[in-house]
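Notes to accompany the following structure.
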Amino acid sequence: MLVTRSDVETGKPHPETFLKAAALLRVDPSNCLALEDSHNGVRAAAAAGMATIMIPDLLHPTPEIASLCVGILPSLNDVRIRICQQL
């Protein structure tokens, strides 16, 4: 499943991208985990009602961004490890 900026009318930080992806998957956004590396991506995922993990790339989380996340991890591998630990 891939939803890009060209698939929506309003880009991030508007939640439309994430809401469209959830709708296409037929999943409630509250049952989704969004992985984001940008501030606007985190804002959009949180506004969509998704649990959001930030994997910082160029920008580190600000206090505002951190408050929108359920976690901030250094890599995608760390996300995998965290999920496996919780199973």
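Count residues from 1 along the sequence.
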Selection residues 71-82 - residue pairs positive for side chain to side chain donor-acceptor pair (under 3.5 Å), sequence neighbours left out = Ser75-Asp78, Asn77-Arg80
Roughly how far apart are Lys20 NZ and Thr10 OG1, rounded to 0.5 Å?
-> 11.5 Å
Partners of Ile55 by side-chain contact (heavy atoms from CB on, under 4.5 Å), sequence neighbours excluded?
-> Leu35, Ile53, Leu76, Val79
Euclidean distance, Glu36 CD relative to Met50 CE, rounded to 0.5 Å | 10.5 Å
Honestly curious: do Val70 and Val42 fall in one hydrophobic cluster under the side-chain, below-4.5 Å linking rule?
-> no
Where do Ala34 and Phe18 come nearest, in terms of heavy atoms and distance?
-> CB-CE2, 3.9 Å
So which heavy atom on Pro29 is nearest to which on Ala48, and how close?
-> CB-O, 3.2 Å
Is there side-chain contact between Ile81 and Leu73, with at least one heavy-atom pair below 4.5 Å?
-> no
Pair listing, side chain to side chain donor-acceptor pair (under 3.5 Å) test, anchored in residues 41-69, at least two apart | Asn40-Arg43, Arg43-Glu64
Student check: side-chain heavy atoms of Met54 and Asp37 closer than 4.5 Å = no
Give a yes or no answer on whether the side chain of Glu16 reaches the backbone of Glu9 with a donor-acceptor pair at less than 3.5 Å.
-> yes
Show your working on side chain to side chain contact (heavy atoms under 4.5 Å, CB included) between Asp7 and Leu2 and close with a plain yes or no.
-> CA-CA 9 Å; Asp7 298 316; Leu2 181 65; 5.7 Å; no
Side-chain heavy atoms of Pro61 within contact of Pro56, under 4.5 Å | yes
Close side-chain approach of Leu59 to Ser38, heavy-atom, < 4.5 Å | no
